[in-house]
2 protein chains.
Amino acid sequence: MKKTILVFGMLILALLLLFQFSKYAIISGDLKVELIVAAIAIVFFFVGIYINKKSLSKSDTTIANINKEKIKELDISNREYEVLQKIAEGLSNKEIAEQLFLSESTIKTHVSSLLVKLDAKRRTQAITKAKSFEIL
Amino acid sequence: MKKTILVFGMLILALLLLFQFSKYAIISGDLKVELIVAAIAIVFFFVGIYINKKSLSKSDTTIANINKEKIKELDISNREYEVLQKIAEGLSNKEIAEQLFLSESTIKTHVSSLLVKLDAKRRTQAITKAKSFEIL
DNA sequence: TTTTAACTCATACTAAAGTACCAAAGTTCT
DNA sequence: AGAACTTTGGTACTTTAGTATGAGTTAAAA
């Protein structure tokens, strides 16, 4: 967040400087008009691209924010969420157990409570529901 | 495709006109320098945004094209793909059988061959692999 | 008209997945 | 320290999933 503000601030500052410089250059006639116009065009072209990308990634972040709230809303614990992610990766209970250094029965417990909390009958349905809740 | 080329052509033409006009305006001194610079900046800013969006939507289309080719490449038949989609929706073999008016054993046959073709051990892994292949 | 490929279905298994119930150990908050 | 919750794990059992194999049907291509 702070980073974004800083970057945008710097950007605006740079643009204002460019603005002032171009005005000065045109009036004093040090540079050719074409060059200045082209420079402004190019700079603002890329600024447009940059801003657009920023706003797109911002909307992604917004979705990511909804996620965490939804997870809390569904009362899904940290471990359960971890297991959910592994399920979505296509791992079996045994493989998840190995990766998290837990027993398979523990994974089964987590999976069962996940299915209840997500109102799913199967792990595959848990994946689709989780995605519809924008949790994954 | 033709539409895109047309739009881009018009855009470039408009920009060249703007370019020439700004040159004329600055030299003849009809308009204030600030206004012209601001106008160029704004126009190119939005052009940047526009181009960026175009390129993003283009890449989406490309991904959609890869899909069908990849399905053929993996030698996945129509029915198998249909079953794959149902799996991704989180349905059980029984439910898929009911929806497609087939027996459960037929679905099992399709699922098994899908797992082989996608090189997956489980239906959940089939989902993730299919998505990585941009098939779903 | 064969042949090929896709689609269908069955049986008999094995292997996972999932349920139900219980219980101990560890955290966190008061 | 005690309450409340999370995490962990076990047993026993039921239900799906998945494999292997074989076989009949259909539609299109050679």
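Each chain gets a letter, A, B and so on, in the order its sequence line appears, and its residues count up from 1. This one's a predicted model, so the numbers in the text were calculated from it and none came from an experiment.
Contact record, B/Leu136 with B/Ala88: CD1-CB, 3.7 Å, taken as the closest heavy-atom pair. Taking every heavy atom of both residues into account, B/Ala120 and B/Ala126 meet most closely at CB-N, 3.6 Å. B/Leu100 approaches B/Arg79 most closely through the heavy-atom pair O-NH2, 4.0 Å.
Here the CD1 atom belonging to B/Ile87 is positioned 12.0 Å from the OH atom belonging to B/Tyr81, to the nearest 0.5 angstrom. With rounding to the nearest 0.5 Å, the separation of OG in A/Ser113 from NZ in A/Lys108 is 14.5 Å. Taken to the nearest 0.5 Å, the NZ atom of A/Lys68 stands 13.0 Å off from the CD1 atom of A/Ile135. Interatomic distance, CD of A/Glu89 versus CD1 of A/Ile127, reported as 10.0 Å (0.5 Å rounding).
No side-chain donor-acceptor contact under 3.5 Å links A/Ser112 to the backbone of A/Thr109.
When the P atom of C/dA17 is taken as reference, atom CD of A/Glu104 falls 7 Å away, rounded to whole Å. Taking atom NZ of residue A/Lys108 and atom P of nucleotide D/dT11, one finds them 12 Å apart after rounding to whole Å. If you measure from atom CZ of B/Arg123 to atom P of D/dT16, you get 12 Å, rounded to the nearest angstrom. Rounded to whole Å, atom P of C/dT19 lies 11 Å from atom CG of A/Leu114. In this structure, the CD1 atom of B/Ile127 is 11 Å from the P atom of D/dA17, given to the nearest Å. Rounded to whole Å, atom P of D/dG9 lies 14 Å from atom CD1 of A/Ile96. If you take CG of B/Leu84 and C1' of D/dA17, they are 16 Å apart, rounded to a whole angstrom. Rounded to a whole Å, the CD atom of B/Gln125 is 16 Å from the C1' atom of C/dA15.
In this structure, the nucleotide among D/dT16, D/dG18, C/dT8 sitting nearest to the side chain of B/Leu115 is D/dG18. Side-chain proximity of B/Ser105 to the nucleotides D/dG18, C/dT11, C/dA16 is greatest for C/dT11.
In this model, the phosphate group of D/dG9 is approached by a side-chain N or O of A/Thr106 to a distance below 4.0 Å at OP1 or OP2. One finds a side-chain N or O of B/Asn93 lying less than 4.0 angstrom from the OP1 or OP2 phosphate oxygen of D/dA17. Distances shown here put every side-chain N or O of B/His110 at or beyond 4.0 Å from the OP1 or OP2 atom of C/dC7. Contact check, A/Arg122 against C/dG18: no side-chain N or O comes under 4.0 Å of OP1 or OP2.
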Between protein and nucleic acid, restricted to nucleotides 24-27 of chain C and to nitrogen or oxygen atoms under 3.5 Å apart, what atom pairs and distances do you find?
none

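Screening residues 115-124 of chain B for salt bridge (charged side-chain N to carboxylate O under 4.0 Å, His left out) gives A/Glu95-B/Arg122, B/Glu80-B/Lys117, B/Asp119-B/Lys129 as the qualifying pairs, with residues at least two apart or on separate chains.
Counting non-hydrogen atoms under 4.0 angstrom, B/Ser103 reaches the backbone sugars and phosphates but no base. A/Ser112 comes within 4.0 angstrom of a nucleotide base, judged by non-hydrogen atoms across all strands.
A/Ser103 and A/Thr106 share a side-chain donor-acceptor pair at under 3.5 Å.
Toward the 5' end of DNA chain C, the nearer of the two residues B/Ser77 and A/Lys121, judged by each one's closest nucleotide, is B/Ser77.
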**OP:** For nucleotides 21-30 of chain D, just jot down a letter per nucleotide in 5' to 3' order: B, S or -, based on protein non-hydrogen atoms under 4.0 Å.
**Re:** ----------
